[in-house]
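In what follows, chains are A, B, ... by sequence order, proteins preceding strands, each numbered from 1.
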Amino acid sequence: MLPPKSPPNTPDELLTRCQAIAGLTLGELARMANVAIPANLQRHKGWPGMLIEKWLGASAGSKPQQDFPELGIELKTIPIDAAFAPLETTYVCFAPLLMQPGITWETCNVRNKLQQVLWLPIEGDRRIPLSDRRVATGFYWRPSEKEDEILRQDWEELTEQIVTGHVESITSKQGTALHIRPKAANGSVLTEARGVEGEKIKTRPRGFYLRKTFTHHILTSAFGY
DNA sequence: TGATGATCATAA
DNA sequence: TTATGATCATCA
């Protein structure tokens with residue numbers, strides 16, 4: 001088996017590719033794709049995600065859009081424990097700190113990305129050697145009305161704080177499903193934002209993340225526990 | 001022990 | 001520089 005050379009043409013084809021790698025280990029997938037396996041993820045944090053992208057035929061490169069733009073589908077691998085519970089929060093996208101007026105929940109990047117997600121759980125217990133971790137069965141998810149409402153409330157609260165110049169007082173403790181945390185190479189990276197007087201200030205870049213409780217709920221619903 | 005805040009690699 | 005892929009690791 002070899003990785004596909006072109007993007008899938010339909011959601012069904014993408015799901016079929018997913019099912020073809022379900023149950024295999026990261027080591028097997030890396031070997032077949034001729035990809036080097038790092039000893040651990042300390043210096044290769046995005047490695048599982050990149051490997052899976054290759055196997056599903058996602059277009060390479062970083063774009064602020066979905067992984068499969070023509071299908072409108074976003075791919076998210078998620079590390080899980082033996083009980084299928086998420087081990088990490090899920091990064092969604094950067095939080096725009098200099099927002100153009102007129103951006104609403106309906107038109108924001110968070111909602112755009114989460115419209116249709118292909119979740120692919122992967123064993124993430126650090127006691128399991130990286131190459132022995134198995135890939136689970138991927139599944140599609142789109143937010144229910146209730147889920148969309150929860151996300152909207154979090155997004156609006158956080159966005160309001162950014163727009164009114166209070167980005168510095170945002171804590172990752174805010175938000176029931178969606179929260180904001182720093183997202184940068186290190187603490188010295190700065191970007192522009194608005195202060196309370198509307199002036200430009202420098203602050204650390206932030207990203208939107210999904211809480212583990214929320215993704216756990218998604219996994220639970222999908223597998224019918 | 002888990003969540004928060006910090007960090008790592010890479011591409012364009 | 002900002003985006004992608006995320007996980008690490010410290011501290012409450």
Side-chain angles (χ1 to χ4, degrees), chain A residues 3 7 26 29-30 33 35-69 73-83 85-100 108-110 112-114 117-131 133 135 138 154 158 161-162 167-193 200 202-217:
Chain A
L26 293 180
L29 292 173
V35 167
I37 306 167
N40 56 63
L41 294 180
Q42 289 180 13
R43 295 188 164 274
H44 301 271
K45 297 181 182 181
W47 187 80
M50 306 297 279
L51 180 63
I52 297 302
E53 280 188 352
K54 187 165 192 133
W55 274 99
L56 298 183
S59 33
S62 57
K63 290 172 251 176
Q65 292 306 313
Q66 291 106 336
D67 296 293
F68 300 95
I73 292 170
E74 171 76 8
L75 168 68
K76 287 292 177 200
T77 61
I78 183 167
I80 54 165
D81 66 14
L87 289 166
E88 296 289 346
T89 54
T90 301
Y91 171 69
V92 180
C93 61
F94 262 95
L97 301 184
L98 288 178
M99 274 202 277
Q100 297 307 110
C108 76
N109 201 231
V110 175
N112 178 52
K113 285 227 175 179
L114 297 180
V117 178
L118 174 59
W119 291 100
L120 189 38
I122 300 178
E123 285 182 323
D125 190 321
R126 292 192 206 179
R127 290 169 301 187
I128 306 175
L130 188 54
S131 60
R133 297 182 194 176
V135 172
D154 288 341
L158 295 164
Q161 223 166 317
I162 292 172
V167 60
E168 297 284 26
S169 64
I170 292 177
T171 296
S172 53
K173 294 176 182 62
Q174 291 173 247
T176 65
L178 190 70
H179 68 173
I180 282 182
R181 303 214 306 281
K183 167 70 171 168
N186 57 64
S188 66
V189 177
L190 296 176
T191 190
E192 288 191 322
K200 288 197 171 174
K202 289 283 192 179
T203 188
R204 284 145 56 240
R206 315 298 164 95
F208 282 110
Y209 296 79
L210 295 178
R211 287 191 181 281
K212 287 198 276 186
T213 48
F214 189 69
T215 51
H216 191 192
H217 149 77

Exercise for the section: Let me know which of A:N112, A:V110, A:V117 forms a side-chain contact (heavy atoms from CB on, under 4.5 Å) with A:V92. Expected result: A:V110

d([atom1], [X]; [atom2], [N]) in whole Å:
| X | N | atom1 | atom2 | answer |
| --- | --- | --- | --- | --- |
| A:N186 | C:dT1 | CG | C1' | 13 Å |
| A:F94 | C:dA3 | CZ | P | 6 Å |
| A:M50 | B:dT10 | CE | P | 9 Å |
| A:H44 | C:dT7 | NE2 | C1' | 13 Å |
| A:W119 | C:dA6 | CH2 | C1' | 12 Å |

Heavy-atom check, side chain of [X] versus side chain of [Y], under 4.5 Å:
| X | Y | value |
| --- | --- | --- |
| A:D81 | A:D125 | no |
| A:F208 | A:L158 | yes |
| A:L41 | A:P48 | yes |

Return yes if the base of [N] and the side-chain atoms of [X] contain a donor-acceptor N/O pair under 3.5 Å, otherwise no.
| X | N | answer |
| --- | --- | --- |
| A:Y209 | C:dA6 | yes |
| A:R206 | B:dT4 | no |
| A:E88 | C:dC8 | yes |

Fill in the blank from the handout: By nearest-heavy-atom nucleotide on DNA chain B, the more 5' of A:Q174 and A:A184 is A:Q174

Problem - Given DNA chain B, 5'-ward residue of the pair A:R43 and A:R211, judged by closest heavy atom - result: A:R211

Classify the nucleic acid contact of [X] as base, sugar-phosphate or nothing, counting any heavy atom under 4.0 Å across all strands shown.
| X | value |
| --- | --- |
| A:K183 | base |
| A:G49 | sugar-phosphate |
| A:P79 | sugar-phosphate |

[N] phosphate, OP1 or OP2: any side-chain N/O from [X] under 4.0 angstrom?
| X | N | value |
| --- | --- | --- |
| A:Y91 | C:dT4 | yes |
| A:T191 | C:dT2 | yes |
| A:Q42 | B:dT7 | no |
| A:K113 | C:dT4 | yes |
| A:S172 | B:dG5 | yes |
| A:K54 | C:dG5 | no |
| A:K212 | B:dA3 | yes |

Handout entry: 5′-ward residue of the pair A:C93/A:R126 relative to DNA chain C
Key = A:C93

Problem - Aromatic plane relationship, A:H217 with A:F214 - under 30° parallel, 30 to 60° tilted, over 60° perpendicular - result: tilted

